[in-house]
Amino acid sequence: MKAPNYGADELDLIAKHYPDIAFLIAHLPHRTAVGIRSKAQEMGLGRRSDLWAIWEDRALREHYPDRPKTQRALPQRSWTAIRSRAQLLGITKRRRVWSTERNEVLARLAGNVSDRAAAAMIGGTRVAISTQRRRLGLKGQSVNLPKPVILPVIKDIREAAKAKNVVLTRITNALGCQKLKPSLTEGTVSVRSVVKVVRALGGELYVEWND
């Protein structure tokens, strides 16, 4: 049976995305790879040139090294090609500078909270925190805080939610956090959940040490 003629929308899609056959098949499920290639040749479309357009370089400079954003901006380029182009243009990964103050804060947090919790408190990613902590020779800590530390925090959060006339479980469900129960007999609560809920209630979470 002969396939139906290509519509204007189909031709436009091929013109924009050929030779990305995987993308075209996904968006034209009733067409075959052979059929798409044949139609592309009829339209005078060959393999995409390795030359990068000005707008592609501009998008690369704007989003690299954020992989998800870069690939969304340049869907026609493979990640290998993107990395090679970035290296050629001298686009390096942006690294957060570790000041003496940030190192001191990390030294206080390390061993008391997890790397993920430290990242939420002082900024950066969990990997960056973990790398810097090891560079400074600091001991790590598990994700959860011990009960004597987390109990007062939960009490404060529940009181803040009550004062704002907000149902706490709705906040935790919306944020995808673990429920902040009044009792910790069923397990501790992650610091990441605490940080998210505190911020959602308009507060700030900080650590204070007594001399």
Side-chain angles (χ1 to χ4, degrees), residues 2-103 105-106 109 114-136 174-177 192 195-196 199-200 202 204-205:
K2 185 178 180 180
N5 293 331
Y6 282 77
D9 291 342
E10 293 178 305
L11 295 176
D12 183 60
L13 201 65
I14 294 175
K16 289 181 178 179
H17 297 284
Y18 188 79
D20 191 339
I21 297 297
F23 176 89
L24 291 172
I25 290 178
H27 289 77
L28 301 173
H30 57 291
R31 301 293 184 180
T32 65
V34 174
I36 292 174
R37 289 194 180 95
S38 177
K39 177 54 66 174
Q41 290 177 359
E42 290 180 14
M43 296 168 63
L45 302 174
R47 293 189 60 82
R48 187 179 182 89
S49 172
D50 290 335
L51 296 178
W52 282 63
I54 295 176
W55 70 267
E56 290 181 304
D57 285 344
R58 186 181 300 115
L60 186 63
R61 293 181 187 280
E62 180 179 355
H63 299 295
Y64 190 82
D66 189 316
R67 181 167 181 169
K69 290 184 179 180
T70 306
Q71 290 187 308
R72 281 196 296 269
L74 300 168
Q76 73 283 3
R77 298 291 185 179
S78 68
W79 183 242
T80 299
I82 288 173
R83 291 178 61 185
S84 297
R85 184 63 176 177
Q87 184 177 8
L88 180 64
L89 296 178
I91 305 174
T92 58
K93 295 184 177 181
R94 306 179 185 91
R95 296 182 178 179
R96 184 185 292 268
V97 177
W98 280 88
S99 63
T100 301
E101 181 180 1
R102 290 188 77 232
N103 282 330
V105 173
L106 178 59
L109 293 175
S114 67
D115 293 337
R116 191 179 299 277
M121 293 178 185
I122 64 180
T125 64
R126 180 191 60 79
V127 174
I129 294 294
S130 177
T131 300
Q132 184 66 7
R133 175 177 56 74
R134 290 196 299 270
R135 185 178 292 121
L136 296 175
L175 297 175
C177 297
R192 189 175 183 85
V195 172
K196 284 186 176 182
R199 289 179 176 174
E204 292 290 339
L205 185 66

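No experiment lies behind these values; they were computed from the predicted model shown.
Considering CG of N103 and CD of Q132, their distance stands at 5.0 Å, rounded to 0.5 Å.
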Handout entry: Worked check of side-chain contact (heavy atoms from CB on, under 4.5 Å) between K39 and L11
Key = CA-CA 8 Å; K39 177 54 66 174; L11 295 176; 3.8 Å; yes
Practice task
Run the numbers on L136 and W98 for side-chain contact (heavy atoms from CB on, under 4.5 Å), then give the verdict.
Solution key: CA-CA 11 Å; L136 296 175; W98 280 88; 5.9 Å; no
Handout entry: From CA spacing to verdict: side-chain contact (heavy atoms from CB on, under 4.5 Å), L74, W55
Key = CA-CA 10 Å; L74 300 168; W55 70 267; 3.9 Å; yes
Exercise for the section: Please report the C-alpha distance between I129 and L109 in whole Å, then the side-chain angles of each, then the deciding distance to 0.1 Å, and finally whether the side-chain contact (heavy atoms from CB on, under 4.5 Å) criterion is met. Expected result: CA-CA 11 Å; I129 294 294; L109 293 175; over 6 Å; no
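Applying the ring pair (Phe, Tyr, Trp, His ring centres under 6.0 Å) test to every pair with at least one member in residues 116-136, sequence neighbours left out, gives no pairs at all.
Considering only residues two or more places apart in sequence or on other chains, I25 meets the side chain to side chain contact (heavy atoms under 4.5 Å, CB included) condition with I21, A33, I36. Partners of T32 according to the side chain to side chain contact (heavy atoms under 4.5 Å, CB included) rule, which considers only residues two or more places apart in sequence or in another chain, are V34. Taking the side-chain hydrogen bond (donor to acceptor under 3.5 Å, both in side chains) definition, one finds that R83 meets it with nothing, sequence neighbours left out. The side chain to side chain contact (heavy atoms under 4.5 Å, CB included) search around R72 returns P68, K69, not counting sequence neighbours. Listed by chain and number, the residues in a side chain to side chain contact (heavy atoms under 4.5 Å, CB included) with L89 are D57, L60, R61, R85, I91 (sequence neighbours excluded).
For the pair D12 and Y6, the minimum side-chain heavy-atom distance is 4.5 Å or more. Inter-residue side-chain proximity for L24 and R31 is flagged as unmet; no heavy-atom pair is nearer than 4.5 Å.
The number of heavy-atom neighbours closer than 6.0 Å to CD1 of I54, taken from other residues, nucleotides and ligands shown, is 12 or below.
Between R199 and A120 the shortest heavy-atom distance is NH2-O, 2.7 Å.
Looking at H17, its side chain never comes within 3.5 Å of a backbone N or O of L13 through a donor-acceptor pair.
A side-chain donor-acceptor contact under 3.5 Å links S130 and R134.
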